Every structure is written in C-alpha cells, then in structure tokens.
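For reference, the structure is listed below as structure tokens.
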Amino acid sequence: MSIIENAFDIAKEQYHEIGVDVEKAMDTVSKIRISMHCWQGDDVSGFEGTVGNGGGILATGAYPGKATTPEELRSDVEKAYSLIPGKHKLNLHAIYAETNGEKVERNQVEAKHFTGWVDWAKEIGIGLDYNPTYFSHPLADTNFTLADSDKAIRDYWIEHGIKSREVAAYFGDTLGITSVMNNWIPDGYKDVPADRVAPRERLIDSLDKIFAKDLSASNCREAVECKLFGIGSESYVVGSHEFYMGYAIKNKKLLCLDAGHFHPTEKIDDKISSCLLYLDEILLHVSRGVRWDSDHIITLSDDLKNIAYEIISNNYQDRIYIGLDFFDASVNRVAAWVIGMRNMIKALLIAALTPTADIRKVELEQDFTSRLVMQEENKCMPFAAVWDMYCVRNNVPDGINWYDQVKDYELKILSKRG
C-alpha cells in the first residue's frame, strides 16, 4: 500500500468518526465544473493586435513566455488542465476571436470566429463561457460604453452585446454544456459626478435592447456584473451592486459577484445566500483583491474557504456558476492557473468534508461554544490526505509534484517564445 493510500484510509476513518462520508464529499466536488479564465495566459491581450490595457484592466509584470496566438494559448491551457483534477470549462472574451488576420470590429464578432475554440473544446471535453469585451478599445477611451451619452457609441456596444449573446448560445448548443455570458462594463467617473441617475437610465435602456430578443437557448445563461470602483471610476461606477441586483431580479438574469469588486470589509460569501433568496442562479468570479480590485491569484485563504462553504453547505452547486478571474504577469502564467484552480477545488473539498449538519444543530440549540469548538477542530482534520487521493484518482500529480511539469514546460516551450 502506498503512503497516499495509507494516509487516505486513516483520514477516511477519522472523518467517519465525525459523521463525514469522504467518498460522497469527493463525488460532490467531482461534478462541479469551474470556468478557468483564458486571459491569465496572455495578460488580457487577446488577438486583435493591441495590448489589452484600458477600462481598469491591467496585468502587471513581465514574466517571459506569454501566449500570443490561439495555438499557444490553447497549448498552455491544456498543460494547465493536465495538472488540475476534474473536467471544467474555459472562459473566453470577445477579443479572443480568430479572424485569420482580418480586421473585424467588435460589433461584428460572431460565432464563426470561434469555431476553432469550439472544435478544440469538443476534443478535450470542456465547456466554454463567454464575455463581451467592453474595454481596451477606442470607443471605450472615455471610460463609458453602454452608458455613454453619445448614442452612436452606445449603439456600437449594444450591437456587440447582441452578437455576444449569439456566440454564447452557439457555445452552449454546440457543446451541450451550459455557457454563461457575463456582461461587465467599466463605465464610471474618476471624480464625483453631478448626475448619477442619467448614466444608469442609459445603461438600463442599453441592456434592455441587448436582451430584447428571446434566445430560447436551454444551454445558455446571461449575467450582469457589478463593481464598487476601479481605475478611472474611483468615485462612481454606473453598474453598482444595487443597480445590477435590481436589474437581475427584474429581468431574470444572473447576478455576477466578483470577490474583488467590493469594499475590503465586504465579503461575497455573505452575499450569496441573500442573493439566492431572490434569484434562481448566480455567477461568481473568484479572485483575490488586495486593497483594490487587483485580481491576484487566489490562495487557500479563509475568504476562499468561506465562499466554498456557502456553496456546498447550502447545496447551491447547481445554482451557482463558478469562474476564476485574475491576471498576474509577474509569475509563470500556467502555474498561476494551476494554483488558482487547485485552490478553488481544495476549498470546495474542504467544505464538503465539513460536518455541517452537526454544527448547525448546536447552533440551532444556541450552543455557540460547541459551534466554535467544532468549527475550529475541523480545521485540523486530515484534509490533505483526501486531496492527494482525489488528485491520484483524477490522474493528476498530488502535492507539489505538479510544479516540476510546469517548470519542464517552461524550459521546453515557454522559454522559446519571443
């Protein structure tokens, strides 16, 4: 018997003693598809031929070997997936369209520009999510798009949103895996505005026009994403949490909660249950904000574990779509993906291994001392042994052993890129 098998058997018995079924926990997590964001692999540059900075989007650092073509990006993604347990999804932005060198305006980007991605997704058995790209474009230089006071600019981005819905529906219908289309816009003012209402009225009108047609796509969901502030919109964001919460409820859309889009004292784990009392489904963008929305690689922090606990303990895994959203150009980009994805899965597994029913029982009895004791002691349970076995069963390296493969990939592939 191997060390991993021996440790797993001991851990399994320890969890059994506190009423946790380890096999059931592993099975629960195995059914969750996490959407890995493509833009970590190329610093949000895309394939339009321009650097993807603007609208508050900025990847800092100059680590060598970033992807510059669809083939390179897909190769890097596949390498990451080979080190991540389970089958997941890839989240694409409109700027990752393959136009074969032809200049295609964003309001003309359509499904045919993503056939390469869909064919590849079929081959490796993943789903695809989609995002209109409302930033890093001359018509977004004012930091306004769908809420711009210029009707011509609004119309351009409305057309882009409409086309994007068709792309997401194509992904879902073709692959048979639900595709989530998420709408995030950078619109806002750097300094205190004189009129907070008019931009929001314009945004409602733009969104209504984008969503006017019924897609009738069973494998497509549509989300709207809020933000507290960002670069260039420090004083006022048109699409605030309250704005999109109301819009999502009224129009039956998903609300996207991004872990980096709120004040540092606000945590999205506390918002999940409230939102799902009024919405059928929500989308999470999981990142790690540091002082501001800086989209750091997620670590196995209390914040991350609390998000996972809310999902698993309430059986929300069928009502929540999980996507990652960070971009760090200071480290190996493939490693960033693997670290983030493995940490998200670890957090979900830790949540599934928690004796939630027993803890909630003593809480209902107002025995808060026992609640705290059980919560704290659970942190010392042998989760790592279960995680290692989970990796082995999914044919990916356990522990830190995955990193050797990333370093080898960097030596043989990434280091040879210009």
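Along the sequence shown, the residues carry numbers beginning at 1. Predicted model, so just to flag it, every value in this text is computed and none were measured.
With hydrogens and angles disregarded, no donor-acceptor distance shorter than 3.5 Å links the side chain of N251 to the backbone of A248.
Between F8 and D388 the shortest side-chain heavy-atom distance does not fall below 4.5 Å. At a threshold of 4.5 Å between non-hydrogen side-chain atoms, the residues L279 and L254 do not count as touching.
Ring pair H113/F47: centre-to-centre distance not below 6.0 Å. Residues H93 and W184 keep their aromatic ring centres 6.0 Å or farther apart. Ring-centre distance between F229 and H261: not below the 6.0 Å cut-off.
In terms of the side-chain hydrogen bond (donor to acceptor under 3.5 Å, both in side chains) criterion, residue partners of K271 (sequence neighbours excluded) are, by chain and number, E266. Listed by chain and number, the residues in a side-chain hydrogen bond (donor to acceptor under 3.5 Å, both in side chains) with K416 amount to none (sequence neighbours excluded). Scanning for ring-ring contact (aromatic ring centres under 6.0 Å, His included) contacts around F262 gives H241, with sequence neighbours left out. With sequence neighbours left out, D42 forms a salt bridge (Lys or Arg N to Asp or Glu O under 4.0 Å) with no residue at all.
Heavy-atom contacts from other residues, nucleotides or ligands closer than 6.0 Å to NZ of K112 number 12 or fewer. Within 6.0 Å of atom NZ in K103, more than 12 heavy atoms from other residues, nucleotides or ligands are found, so the atom counts as buried in its surroundings.
Note on ring orientation: taking the six-membered ring where Trp is involved, the planes of F326 and H37 are perpendicular (angle over 60°, cut-offs 30° and 60°).
D129 and Y321 form no side-chain donor-acceptor contact under 3.5 Å, judged by distance and modelled atom types alone. A donor and an acceptor atom, one from each side chain of T68 and E72, are located under 3.5 Å apart. A donor-acceptor contact under 3.5 angstrom links the side chains of K66 and S45, judged on distance only.
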Would you tabulate the side-chain donor-acceptor contacts of residues 197-210 under 3.5 Å, counting partners in other chains and residues two or more places apart, or write 'none'?
unit_1, atom_1, unit_2, atom_2, d
R200, NE, V238, O, 2.9
R200, NH2, V237, O, 2.9
R202, NE, A147, O, 2.9
R202, NE, D148, O, 3.3
R202, NH2, A147, O, 3.3
D205, OD2, K209, NZ, 3.0
S206, OG, L146, O, 2.7
S206, OG, R202, O, 3.2
D208, OD1, Y247, OH, 2.7

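For residues 163-182, every residue pair satisfying the ring-ring contact (aromatic ring centres under 6.0 Å, His included) rule, not counting sequence neighbours, is listed here: F114-F171, Y130-F171.
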Note to self: side-chain contact (heavy atoms from CB on, under 4.5 Å), that's the test. Do M26 and V386 meet it? Break it down for me.
What the structure shows: CA-CA 8 Å; M26 296 169 76; V386 181; 4.0 Å; yes

